[in-house]
Amino acid sequence: MGAAKYIAKNERLIFKDPKRRKELLNELAKRPAIYRVKGPTRLFRAHALGYKAKQGYFVVRVRVGKGLFRRERPNHARHPSKAGIFYALNISKQEIAEQRAAKKYPNAEVLGSYYLVENGKYKWFEVILKDRSVN
């Protein structure tokens with residue numbers, strides 16, 4: 001096995017550890033929905049997606065709610081019996097996270113993203129972005 005395989009194996013073991021997972025979830029609960037982090041949490045995965053530790057590359061952590069998309073219920077006098085409040089979107093939660101990060105940082109280009117951790121209510125992803133103005 002090469003060094004890269006050892007790093008990947010070590011990362012998987014860290015995230016399977018319940019104590020480490022609980023610490024991470026406690027830290028994430030205090031943070032906003034979208035925020036920039038110093039570096040990637042899963043370094044091996046980030047490098048596979050194109051992250052480089054140099055100027056212009058940065059990582060954003062995004063929180064996405066689990067479950068179906070909720071639409072506002074019609075509150076007029078009459079409404080259809082099948083009001084359709086919950087809808088299943090045709091895109092994944094990961095793609096939603098990428099879109100939200102791109103919207104928050106319009107000067108950056110999304111290189112990719114990866115799953116971080118989840119609880120009963122949210123899923124967190126780390127999105128790798130590259131600043132367009134820096135070559």
Side-chain angles (χ1 to χ4, degrees):
M1 259 201 271
K5 286 188 180 178
Y6 281 111
I7 293 167
K9 186 179 177 184
N10 188 35
E11 281 182 3
R12 282 194 299 272
L13 290 173
I14 288 169
F15 281 92
K16 284 184 179 179
D17 180 28
K19 189 178 179 184
R20 165 75 175 121
R21 194 172 166 273
K22 192 173 182 180
E23 285 173 9
L24 186 63
L25 284 169
N26 286 337
E27 180 194 328
L28 292 171
K30 298 170 190 170
R31 299 290 193 136
I34 302 169
Y35 67 99
R36 192 170 168 170
V37 290
K38 193 173 181 180
T41 309
R42 294 175 56 195
L43 189 62
F44 186 70
R45 185 72 186 118
H47 279 294
L49 291 169
Y51 173 78
K52 296 174 185 172
K54 57 195 265 188
Q55 194 174 7
Y57 289 86
F58 60 99
V59 181
V60 174
R61 220 174 257 163
V62 183
R63 180 183 73 204
V64 181
K66 289 168 76 171
L68 299 174
F69 171 73
R70 187 182 162 115
R71 196 173 276 195
E72 226 177 276
R73 187 168 177 84
N75 58 355
H76 303 293
R78 302 169 91 186
H79 56 82
S81 61
K82 315 297 191 279
I85 301 168
F86 295 100
Y87 291 94
L89 296 176
N90 292 333
I91 58 173
S92 67
K93 299 291 180 192
Q94 188 167 352
E95 204 171 328
I96 292 169
E98 288 176 6
Q99 287 175 0
R100 287 180 185 175
K103 190 176 179 181
K104 174 131 184 182
Y105 298 94
N107 63 325
E109 176 187 347
V110 175
L111 295 178
S113 65
Y114 54 88
Y115 168 81
L116 189 62
V117 71
E118 69 181 288
N119 63 11
K121 199 171 182 181
Y122 301 109
K123 274 188 177 186
W124 283 270
F125 296 93
E126 282 191 352
V127 182
I128 300 159
L129 298 150
K130 182 181 184 263
D131 195 343
R132 288 191 182 108
S133 62
V134 179
N135 291 330

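What you see below is based on every heavy atom in this structure, not just the backbone, and it leaves out hydrogens, waters and symmetry mates. We number each residue from 1, following the sequence as shown.
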What distance separates Thr41 OG1 from Leu116 CG, expressed to the nearest 0.5 Å? 5.0 Å
Residues in side-chain contact (heavy atoms from CB on, under 4.5 Å) contact with Lys19, at least two apart in sequence or another chain: Asp17, Glu23
Listed partners of Phe125 passing ring-ring contact (aromatic ring centres under 6.0 Å, His included), at least two apart: none
Return the set of residues passing side-chain hydrogen bond (donor to acceptor under 3.5 Å, both in side chains) with Glu118 (not counting sequence neighbours), or none when no residue passes. Lys66, Tyr115
Validation row: Arg36, Leu129 side chains within 4.5 angstrom (heavy atoms): no
Which heavy atom in Pro40 sits nearest to a heavy atom in Tyr114, and how many Å separate them? CB-OH, 3.3 Å
If you measure from CG on Asn26 to CZ on Arg31, what distance do you get to the nearest 0.5 Å? 13.0 Å
According to salt bridge (Lys or Arg N to Asp or Glu O under 4.0 Å), who are the partners of Glu126, at least two apart in sequence or on a separate chain? Arg61
According to salt bridge (Lys or Arg N to Asp or Glu O under 4.0 Å), who are the partners of Lys22, at least two apart in sequence or on a separate chain? none
Under the side-chain contact (heavy atoms from CB on, under 4.5 Å) rule, collect the residues that match up with Leu25, sequence neighbours excluded. Arg21, Val117, Asn119, Trp124
Determine, using the 4.5 Å side-chain heavy-atom cutoff (strictly less than), whether Phe58 and Val134 are members of one ILVMFWY cluster. no
Report yes if the side chains of Ile34 and Val60 come closer than 4.5 Å at any heavy-atom pair, otherwise no. yes
If a pair satisfies salt bridge (Lys or Arg N to Asp or Glu O under 4.0 Å) and one of its residues is in residues 85-110, list it, with sequence neighbours excluded. none
According to side-chain contact (heavy atoms from CB on, under 4.5 Å), who are the partners of Asn107, at least two apart in sequence or on a separate chain? Tyr105, Asp131
For the residue pair Gly39 and Val59, what are the closest heavy atoms and their distance? C-CG2, 4.3 Å
For Gln55, does the CD atom sit with more than 12 other heavy atoms under 6.0 Å from it, leaving out its own atoms? no
Steps toward side-chain contact (heavy atoms from CB on, under 4.5 Å) verdict (Ile128, Val110): CA-CA 6 Å; Ile128 300 159; Val110 175; over 6 Å; no
Flag the pair Leu111 / Leu49 as yes when at least one side-chain heavy-atom distance between them is below 4.5 Å, and no otherwise. no
Lys52 meets the side-chain contact (heavy atoms from CB on, under 4.5 Å) criterion, sequence neighbours left out, with Lys54, Tyr57
Tell me, which pairs form a ring-ring contact (aromatic ring centres under 6.0 Å, His included) where one or both residues lie in residues 18-53, sequence neighbours left out? His47-Tyr51
